[in-house]
Amino acid sequence: MKGTLKPNCTIAVVGDIHDQWELKDNACLEALGVDLALFVGDFGNEAVGIVQRVSALQLPKAVILGNHDAHYSASKRGRKKCPYDATREDRVQQQLDLLGDTHVGYSKQDFHALHLSVVGSRPFSWGGPQWRNHAFYQQRYGVNGFEESTAQMMKAVHSTYYETTIFLAHNGPKGLGSQPHDLCGRDWKPGGGDYGDEDLRCAIAQTRQLGKEVPLVAFGHMHHQLRHTKDYQRTAIFRDQQGTIYFNAACVPRLIKTKENGQYLRKFFLVSLTPTGVREIQLVYMRNDFSIMTKEFFYQGVESSSEKLLS
């Protein structure tokens, strides 16, 4: 474990894309001048073209693929709906090949210019208390359940170069609440339920036991817009007693068409990270000419030890 985190680091976190990423988004993100870009997955239903555009981004980046990125491959039901000949092409592998080392699922990247490491959680996670898609995970990763999944993450953690460790996941960890509006709360059935990942929760706890700092856990999957009400949105941020910020970035849709010339406003989350932790998180709406139309603060550092913030 070496080095001290860069004094002022700006990290872009891109929530679930769901087919809304153009080459113009690459240019906008590069114009923001961030130090690092994190993508939480769900580019589309095995949307190789979208992943190809993201892979061309000329910035330091880390990516994890989500459940939609294996939509036609991971489950029996998905395979029945597959629109292409899966015996002739493997679009999951095509995405992984395009991303290369930038895909951190069950892996890690060390960012030496920033003095921090990014560790990826279980890729293609659907969330929930049951281990899903058994054959898919066994064949691709040799993983057969939550314990083995945690062990895979910890292999990556043990190989990180820096003490400061960010976890990048598609779905967040278990333990952030069971109400429908909580960060990983189930909102499609009455009564809610904690749909967070148990393997990720265990990996974060074990990482702390190694003495590493975990200032940020970034993920998506559970959209901010709730299914059962439009009166309020999902909780986006939780700060625990150790000061870790858990951030759900799934603000969907990420492109908003304006009335002026039919152009889009493009959403990017910017996280300001310092050696003492996350200082602030803001959502910026960017025009095609790279100007920022408006900013919305999602989080500003506070002294209290445990809190939830609504988006």
Side-chain angles (χ1 to χ4, degrees), residues 13 15-16 38-42 62-71 73-75 78 92 95-96 99 102-109 117-160 164-178 182-186 192-222 238 240-242 244-250:
V13 181
D16 297 30
L38 302 178
F39 291 82
V40 305
D42 270 7
V63 180
I64 193 162
L65 292 172
N67 59 296
H68 277 274
D69 303 314
H71 185 74
S73 302
S75 68
V92 170
Q95 294 173 87
L96 292 169
L99 294 170
T102 62
H103 184 257
V104 294
Y106 286 146
S107 185
K108 59 90 181 182
Q109 276 199 88
S117 299
V118 175
V119 171
S121 179
R122 173 178 16 127
F124 310 106
S125 174
W126 187 279
Q130 304 298 322
W131 183 258
R132 303 168 65 104
N133 305 328
H134 296 70
F136 178 83
Y137 281 108
Q138 202 287 321
Q139 291 167 7
R140 290 188 181 265
Y141 297 103
V143 171
N144 297 287
F146 290 118
E147 273 191 41
E148 293 181 14
S149 182
T150 297
Q152 285 287 88
M153 293 180 221
M154 292 311 297
K155 285 181 183 178
V157 170
H158 281 285
S159 70
T160 55
T164 301
T165 302
I166 291 173
F167 274 92
L168 179 61
H170 178 58
N171 187 51
K174 185 178 180 181
L176 300 180
S178 60
D182 284 324
L183 281 77
C184 302
R186 183 175 64 178
D194 188 342
Y195 225 64
D197 287 347
E198 171 65 13
D199 46 351
L200 176 55
R201 184 194 68 80
C202 291
I204 294 168
Q206 292 178 30
T207 299
R208 285 186 174 135
Q209 291 172 3
L210 296 174
K212 291 179 178 283
E213 298 290 334
V214 184
L216 176 67
V217 180
F219 53 93
H221 185 49
M222 301 294 197
F238 180 82
D240 70 13
Q241 293 180 350
Q242 289 78 25
T244 297
I245 294 295
Y246 299 84
F247 176 40
N248 180 337

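Since this is a predicted model, take the numbers as computed values, not measurements.
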Check: Rounded to the nearest 0.5 Å, what separation is found between the CZ atom of Arg201 and the OG1 atom of Thr150?
Finding: 8.5 Å
Item checked: Atom pair OG/NZ of Ser159 and Lys155 - distance to nearest 0.5 Å -> 11.0 Å
Check: Does Asp197 have any salt bridge (charged side-chain N to carboxylate O under 4.0 Å, His left out) partners at least two apart in sequence or in another chain, and if so, which?
Finding: Arg122
Next item on the list: Ignoring hydrogens and angles, tell me if any N or O in the side chain of Gln152 forms a donor-acceptor pair with the backbone of Val143 under 3.5 Å.
Entry: no
Next item on the list: Kindly write out the residues that satisfy ring-ring contact (aromatic ring centres under 6.0 Å, His included) with Tyr246, not counting sequence neighbours, or none if the list is empty.
Entry: none
Margin query: With a 3.5 Å distance limit and no angle check, can you tell me whether Asn171 reaches the backbone of Tyr195 through a side-chain donor-acceptor pair?
Written below: yes
Check: From Leu38 CG over to Thr102 OG1, what is the distance, rounded to the nearest 0.5 angstrom?
Finding: 11.5 Å
Note to self: Tell me which pairs pass salt bridge (charged side-chain N to carboxylate O under 4.0 Å, His left out) where either residue lies in residues 127-152, with sequence neighbours left out.
What the structure shows: Asp90-Arg140
Note to self: Quick one, Ser121 and Met153 - any side-chain contact, counting heavy atoms below 4.5 Å?
What the structure shows: yes
Margin query: Suppose we screen for side chain to side chain contact (heavy atoms under 4.5 Å, CB included). Which residues come up paired with His158, at least two apart in sequence or across chains?
Written below: Met154, Leu210
Next item on the list: Check side-chain hydrogen bond (donor to acceptor under 3.5 Å, both in side chains) between Tyr137 and all other residues, then give those that pass, not counting sequence neighbours.
Entry: none
Next item on the list: Can you see which heavy atom on Val13 is nearest to which on Ala218, and at what distance?
Entry: CG1-CB, 4.2 Å
Checklist line | Which residues share a side chain to side chain contact (heavy atoms under 4.5 Å, CB included) with Ala70, sequence neighbours left out | finding: Ala74, Val92, Phe124, Phe136
Check: Where is the tightest heavy-atom contact between Cys184 and Gly172, given as atom of each residue plus distance?
Finding: SG-CA, 3.5 Å
Item checked: From OG (Ser125) to CG (Leu200), nearest 0.5 Å -> 8.5 Å
Item checked: Backbone of Leu183 reached by a side-chain donor or acceptor of Asn248 within 3.5 Å -> yes
Check: For Asn67, which residues count as a side-chain hydrogen bond (donor to acceptor under 3.5 Å, both in side chains) partner, sequence neighbours excluded?
Finding: His170, His221
Notebook entry, point to check: Could you go step by step and tell me if Asp194 and Leu176 meet the side chain to side chain contact (heavy atoms under 4.5 Å, CB included) rule?
Noted result: CA-CA 7 Å; Asp194 188 342; Leu176 300 180; 5.9 Å; no
Notebook entry, point to check: Can you name the residues that form a side-chain hydrogen bond (donor to acceptor under 3.5 Å, both in side chains) with Ser73, not counting sequence neighbours?
Noted result: Glu46
Item checked: Any residue meeting side-chain hydrogen bond (donor to acceptor under 3.5 Å, both in side chains) with His68, in chain and number order, not counting sequence neighbours -> Asn45
Notebook entry, point to check: Do you see a donor-acceptor pair shorter than 3.5 Å between the side chains of Lys212 and Ser117?
Noted result: no
Checklist line | Which residues share a ring-ring contact (aromatic ring centres under 6.0 Å, His included) with Phe219, sequence neighbours left out | finding: none
Note to self: For Leu168, run the side chain to side chain contact (heavy atoms under 4.5 Å, CB included) check against Val63, Val118, Leu216 and tell me which one passes.
What the structure shows: Val118
Check: About how many Å separate CG of Asp69 and CD of Gln95, when rounded to the nearest 0.5 Å?
Finding: 5.0 Å
Item checked: Val214: side chain to side chain contact (heavy atoms under 4.5 Å, CB included) partners, not counting sequence neighbours -> Phe167, Thr207, Arg208, Val217, Thr244
Next item on the list: For Glu213, check salt bridge (charged side-chain N to carboxylate O under 4.0 Å, His left out) against everything at least two apart and list the hits.
Entry: none
Notebook entry, point to check: Which distance, rounded to the nearest 0.5 Å, do you find between the CD1 of Ile204 and the CG of Asp199?
Noted result: 10.0 Å
